[in-house]
Amino acid sequence: MDDCIIIGAGPAGLTAAIYLARFHLRIRLFDCGTSRAALIACTHNHAGYPEGISGKDLLARMLAQAERYGAVRELAEVTGLRAAETGFVARVGERDYPARAILLATGVVNHRPEMSETLHAEALARGLLRYCPICDGYEVTDRRVGVIGTGDRGTNEAIFLRGYTADMTLIAPEAEHDLPDELAAELDEAGVKRIDGPCGNYAIEGDRLAFDTAQGRLAFDSVYPALGSRIRSGLAIQAGARAAEDGCLEVDDHQRTSVPGLFAAGDVTKGLDQISHAMGEAGVAATTIRNMLAEQRPLRR
């Protein structure tokens, strides 16, 4: 039996693996290969990398560090999770993996505009498509920027990015904008242009991402989809953990869910979706797990 199974190998999961392995605990890390961080072409706001680092390189460095201290990674997807008399059982394929504690670090999946995987990957790599204004708003300073979205989410993202550039446009993803008067007034006051959808026929044209709208074809230096995301909290909910309406898991100050022994860290919980924040939560969770297990049974070398 493992002391702790970590589900998810993004920044939160890998940070927890480093901590727990260095605590001399028996851990297993399940990685289904879909960390959102791997899509980051280059992040410049991660402390310690002034020249920037790609998400894949960062994850590779973190994994190597965890494995150096004995962490075991399994390239597999956990499809079931249940509480058991001695802790928990994670289901992978036809096999069960028991553990005394579980840390869920499964993150979220962004809702994407309708475009091919190839186009999406190229647009991301070239910075024509971006998903995190907090991470890379600096990179679009004084550029022509479009936000695909409407309502509160689209308005908030456009207003945030307006702090970086005066050339800011909010485009409805499907049809006309769904904006109450107060939001429309806020956008007008900020100088954010509004254009109705639907959006479609995406293509890279020169150094810009272009697509059709109700007012013709437009092209931008960078486009931010503000279409929401899917919270990957299903396994914890399956095991009985409480979640908010949007799917984010409810945790306390020590990253404990409502189920004893089940922890969560990173974007799957409510909070700031940032690498640094996820890593901090993972450090708290890992230390709490270590102390909890020591109380149950003294840890000895």
Output, in order, the C-alpha distance, side-chain angles, deciding distance and verdict of side chain to side chain contact (heavy atoms under 4.5 Å, CB included) for E74 and V92. CA-CA 10 Å; E74 303 276 355; V92 179; over 6 Å; no
For the student: nearest non-hydrogen atoms of [X] and [Y], plus distance:
| X | Y | answer |
| --- | --- | --- |
| A239 | L262 | CB-CD2, 4.2 Å |
| P11 | A37 | CD-CB, 3.7 Å |
| G151 | L179 | N-CD2, 3.5 Å |

Under 3.5 Å, is there a donor-acceptor pair between the side chain of [X] and the main chain of [Y]?
| X | Y | result |
| --- | --- | --- |
| Q255 | E281 | no |
| D31 | L75 | no |
| R162 | A190 | yes |
| T150 | D178 | yes |
| T106 | R232 | yes |
| E174 | P198 | no |
| S233 | A236 | no |

Rounded to the nearest 0.5 Å, how far does [atom2] of [Y] lie from [atom1] of [X]?
| X | Y | atom1 | atom2 | value |
| --- | --- | --- | --- | --- |
| R143 | L161 | CZ | CG | 14.0 Å |
| L124 | L119 | CG | CG | 9.5 Å |
| Q274 | I134 | CD | CD1 | 5.0 Å |
| N45 | Y138 | CG | OH | 12.5 Å |
| M292 | R100 | CE | CZ | 7.0 Å |
| D267 | I275 | CG | CD1 | 9.0 Å |

Close side-chain approach of [X] to [Y], heavy-atom, < 4.5 Å:
| X | Y | answer |
| --- | --- | --- |
| R256 | T288 | yes |
| Q238 | R82 | no |
| T169 | V192 | no |
| L129 | L209 | yes |
| R194 | L187 | yes |
| R61 | I53 | yes |
| E186 | I159 | yes |
| V223 | I148 | yes |

Would you check if the distance from the ring center of Y19 to the ring center of H24 is below 6.0 Å? no
Distance flag, aromatic centroids of Y97 and F88, threshold under 6.0 Å: no
Surrounding CG of D252 (heavy atoms of other residues, nucleotides or ligands, distance under 6.0 Å), is the total greater than 12? yes
Would R217 and E205 satisfy salt bridge (charged side-chain N to carboxylate O under 4.0 Å, His left out), going step by step from the backbone distance to the final call? CA-CA 11 Å; R217 194 159 182 80; E205 298 178 0; 2.8 Å; yes
Given the rule in the salt bridge (charged side-chain N to carboxylate O under 4.0 Å, His left out) test, do E77 and R91 qualify, once you have shown the distances and angles that lead to the verdict? CA-CA 9 Å; E77 181 179 2; R91 184 74 168 175; over 6 Å; no
List the steps, then state whether side chain to side chain contact (heavy atoms under 4.5 Å, CB included) holds for D246 with K270. CA-CA 9 Å; D246 63 359; K270 188 170 291 294; 3.0 Å; yes
Start with the C-alpha gap between I27 and I5, add the side-chain angles, then the distance that decides, and say whether side chain to side chain contact (heavy atoms under 4.5 Å, CB included) holds. CA-CA 6 Å; I27 66 170; I5 284 177; over 6 Å; no
D3/R290 ion pair, N-O < 4.0 Å: no
Apply the test side chain to side chain contact (heavy atoms under 4.5 Å, CB included) to residues L103 and F263: give CA-CA distance (whole Å), side-chain angles for both, the deciding distance (0.1 Å), then the verdict. CA-CA 5 Å; L103 173 59; F263 296 74; 3.7 Å; yes
Worked check of salt bridge (charged side-chain N to carboxylate O under 4.0 Å, His left out) between D167 and K193: CA-CA 8 Å; D167 195 343; K193 297 180 286 292; 3.3 Å; yes
Less than 6.0 angstrom from the centroid, inside 45 degrees of the normal: does R144 satisfy that with respect to the ring of F220? yes
Test E122 against R126 for salt bridge (charged side-chain N to carboxylate O under 4.0 Å, His left out), laying out the working first. CA-CA 6 Å; E122 183 179 355; R126 293 175 59 175; 3.2 Å; yes
Can L249 be reached from V259 by stepping across I, L, V, M, F, W or Y side chains whose heavy atoms are under 4.5 Å apart? yes
